Each structure stands twice: as structure tokens, then as C-alpha cells.
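A note on names: the letters A, B, ... follow the listed sequences, proteins ahead of strands, and every chain is numbered from 1. The figures here come from the full heavy-atom set of this structure, side chains too, leaving out hydrogens, waters and symmetry mates. Because the structure is predicted, anything quoted here is derived from the model rather than measured.
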Number of protein chains: 2
Amino acid sequence: MLSQKCQYALRAVFELSKSYGAGPVKIGSVAGAQDIPQRFLEVILAELKRGGFLESRRGSDGGYTLVRSPQTLTVGEIIRFVEGPIGPVECVTGKPADGCRLYPGCAFLGMWRRVQDAVAGVYDTTTFGDLLESEAKAAGEFVPSYAI
Amino acid sequence: MLSQKCQYALRAVFELSKSYGAGPVKIGSVAGAQDIPQRFLEVILAELKRGGFLESRRGSDGGYTLVRSPQTLTVGEIIRFVEGPIGPVECVTGKPADGCRLYPGCAFLGMWRRVQDAVAGVYDTTTFGDLLESEAKAAGEFVPSYAI
DNA sequence: CATCATGTCTATCGATATAGTCGAGAAGTA
DNA sequence: TACTTCTCGACTATATCGATAGACATGATG
């Protein structure tokens, strides 16, 4: 399960993707649009900036800007930055010998790797550009039932 | 990331799979073979018993027995019992409206479901019988480097 | 029946992570 | 100057995790 913080980070980057190339977006605006506690979001955006994903400006007309194009920025990059390595168990995320006394003969290792590959495969092939498309498509398909 | 407890549970069931049909296995024996703190394992095995996965006998010659054949028992069943539903976020594990103000138009929903399907796909198609085979195979391939 | 070996139950504990808040300050803009 | 916005560091409450402890129940054995 991804942490709430990580989900907020993804939603924030997604929101900034919408305004890519259109000037800075204020924290309050992102918080409102994505339903994120503002003071918490401040912390998160500052981290993402330090990670090189965002730029910022202060003062009125200030706000945050996405550095790279949503078309090339993947969900996996953000998740790894916020959460650390992706994977179901420590044996396959970093130093494998770490405590696993059963390594490398462990019967579960193959399964863990299959899960890891499957998950990382999805996250690393999904860009924020893709997500923008998804949302546009969903909005297009959505037919409000105003008709009786 | 799966909890330590869940990994212990899987290793314990795996260990019991080895003795399926061959009488009860003591807690201490499982704990030793799989490197699990015994008092913690007691708690875990008791839960698995309550879940209907194991049977037990007390006294000397006592211990735990796997109820179903390793060939039909999947890893997914154990994980769900110990951890609850499988999935990267709450939106796709149970009641979806739970707080997600953006549901059902959420741009991430499709991705979450792809991840969930991929993960559950692996866990639900891996039986403890498969794991026994993996281990046997790994043991066969393992060539200790005694040769100079 | 006494005894020993084993599982069973309930409670507790310390450490860590999570989710979030707060106040003061720095840097832009008008 | 005054206002707006980001920035920084500290802080806190709560929950969960991983694990342990003690008392008890039950079965086998002699």
C-alpha cells in the first residue's frame, strides 16, 4: 500500500501537469483541486522541489512549476523518490542478504521478483501525460443523467 | 510492502507444506527451520488455525498440520487472510468512495487497477506446491564451489 | 493420577512511521 | 512599506509493527 503522502505527491504532480508551460500554480490552488491538506502539501512540494521535479517562485504570481514535460515524467519516478524502491519485500528492493537468512535459495524469491517486475512495469510505463489523457477520456465518456 | 508477520506466515505455511500428510510439526521446529521468533510464530500459527488453514494437536507428538493440499493452496489466500485485501491503494481494495473525493473520475484509477490485477495475478496463481518445486529446482541447480 | 510437552489466550511493550500542524522567516511584487 | 507566497525546522498525536510474557488448557505417557 502506498502512503497517503505518496498519493498526495502524485496528485499534486498530476495537477501541475495540467498547467505545464502555463506559469506557476499556487499551493492553495493545488490543495483545493486535489483535496490535500495545505500545510501537509507545503512539505511535500518542497521535497519534490529539492528532488528536482519542481521549480518555484515566491510572492504574488508565485507558485510551483513542473520542470519536465508530463509526457516523459513517469509515475514510477515520483513513487521511488517519495517511498523509496518499489517491491513487495526487502529481499528484492536493495541489499538482498539483509537478514534473509534463506537467501539465495529462498523459494519465494522468484515470486517476489515477478511481482516487483509487474508493479514496476506499470508504474514505469505510465506517464503523467497518459494520466491527463485518461482523465480527458473519462470526462468525455461521462454522461450526466440529467435526462429523465 | 508486505509486513514481516505476513512473510513469516507464508514461510510457516511453506514449511508445513513440506510435511503435508506426514503428521504434525512443532512450532519450535518451524521457527528454527524458517528463522522466525518462536513466541511471535505462536501467535501467527494460532491465527492461521482460526482461519481454517491449519489444524493442531497438543502434548508430545503435537504440532500443526496443513489442512489443505499445498497443490491447491495459493499464496494469495494466506496474504489476504493476514494482510487484508491486496492492492496499492484503498480506492481499489474495498469501498472505493472511502474518502476519495475524486472518485469515480480519478485519473489514477485505471493504473491502480492494473497494478492490483498484476499483483493478485501472481499471488493467486502461485501455490505452495509451486514453491516446493522452486526450492527443489534451486537446490538441484546449486553447485557449491568446493572445487578450487 | 502425576508429570511433562505442547498448543492457546490475553495482555503488554517499545520503537518507528504516519499524517498532519505550527510559527517564524525569507524572498519576491506592487 | 506592505502584501503575498514559498521555506524551514520543530513539534505532536496516533496507530501500527514486531515481539515478548505469563498463565492456562489439553493431550500423551508411565
Short side-chain to backbone donor-acceptor contact, A:Gln116 and A:Pro88, under 3.5 Å
no
B:Asp130 side chain to B:Thr127 backbone, donor-acceptor under 3.5 Å
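Checking the backbone N and O of B:Thr127 against the side chain of B:Asp130, a donor-acceptor pair under 3.5 Å is found.
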Which is true for B:Leu45 with a 4.0 Å heavy-atom rule: it touches a base, it touches only sugar-phosphate, or it touches nothing?
nothing
Regarding B:Gly28, tell me which of base, sugar-phosphate or nothing describes its non-hydrogen contacts under 4.0 Å with the strands shown.
nothing
Would you say [X] places a side-chain N or O within less than 4.0 Å of OP1 or OP2 belonging to [N]?
| X | N | answer |
| --- | --- | --- |
| A:Lys49 | D:dT7 | yes |
| A:Ser56 | D:dT7 | yes |
| A:Lys5 | C:dA19 | no |
| A:Tyr8 | C:dG20 | yes |
| B:Arg57 | D:dA28 | yes |

With A:Cys6 as reference, evaluate A:Arg80, A:Met1, A:Glu83 under the side-chain contact (heavy atoms from CB on, under 4.5 Å) test and give the passing residue.
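With A:Cys6 as partner, A:Arg80, A:Met1, A:Glu83 yield a single side-chain contact (heavy atoms from CB on, under 4.5 Å), made by A:Glu83.
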Pairwise 5' ranking along DNA chain C for A:Ser60 and B:Arg50, keeping only the more 5' one
B:Arg50
I want to confirm an ordering. Mapping A:Cys6 and A:Asp61 to their closest nucleotides on DNA chain C, which one lands closer to the 5' end?
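Looking at the nearest nucleotide for each, A:Cys6 comes out on the 5' side.
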More 5' along DNA chain D: B:Gly59 or A:Val25, using each one's nearest nucleotide?
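Its nucleotide being nearer the 5' end, the pick is A:Val25.
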Which nucleotide, D:dA19, C:dT6, D:dT5, lies nearest any side-chain atom of B:Arg58?
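Nearest to the side-chain atoms of B:Arg58, counting from C-beta on, is C:dT6.
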Atom [atom1] of [X] and atom [atom2] of [N]: how far apart are they, to the nearest Å?
| X | N | atom1 | atom2 | answer |
| --- | --- | --- | --- | --- |
| B:Glu42 | D:dA19 | CD | P | 14 Å |
| A:Ile36 | C:dG20 | CD1 | P | 10 Å |
| A:Phe40 | D:dC11 | CZ | C1' | 14 Å |
| B:Glu47 | C:dG7 | CD | C1' | 15 Å |
| A:Ile27 | C:dT21 | CD1 | P | 14 Å |
| A:Gln38 | D:dT4 | CD | C1' | 12 Å |
| B:Leu41 | C:dT6 | CG | P | 14 Å |
| A:Ile44 | C:dT21 | CD1 | P | 11 Å |

Below 3.5 Å, can you tabulate the donor-acceptor pairs from side chains in residues 16-23 of chain A to any protein atom, sequence neighbours excluded?
unit_1, atom_1, unit_2, atom_2, d
A:Ser17, OG, A:Val13, O, 2.8
A:Lys18, NZ, A:Glu15, OE1, 3.2
A:Tyr20, OH, A:Ser69, N, 3.4

Flag the pair A:Arg39 and A:Glu42 as a salt bridge only when some basic side-chain nitrogen lies within less than 4.0 angstrom of an acidic carboxylate oxygen.
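A salt bridge is present here (some side-chain N lies under 4.0 Å from a carboxylate O).
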Ignoring hydrogens and angles, answer whether the base of D:dA21 and the side-chain atoms of B:Arg39 contain a donor-acceptor pair closer than 3.5 Å.
yes
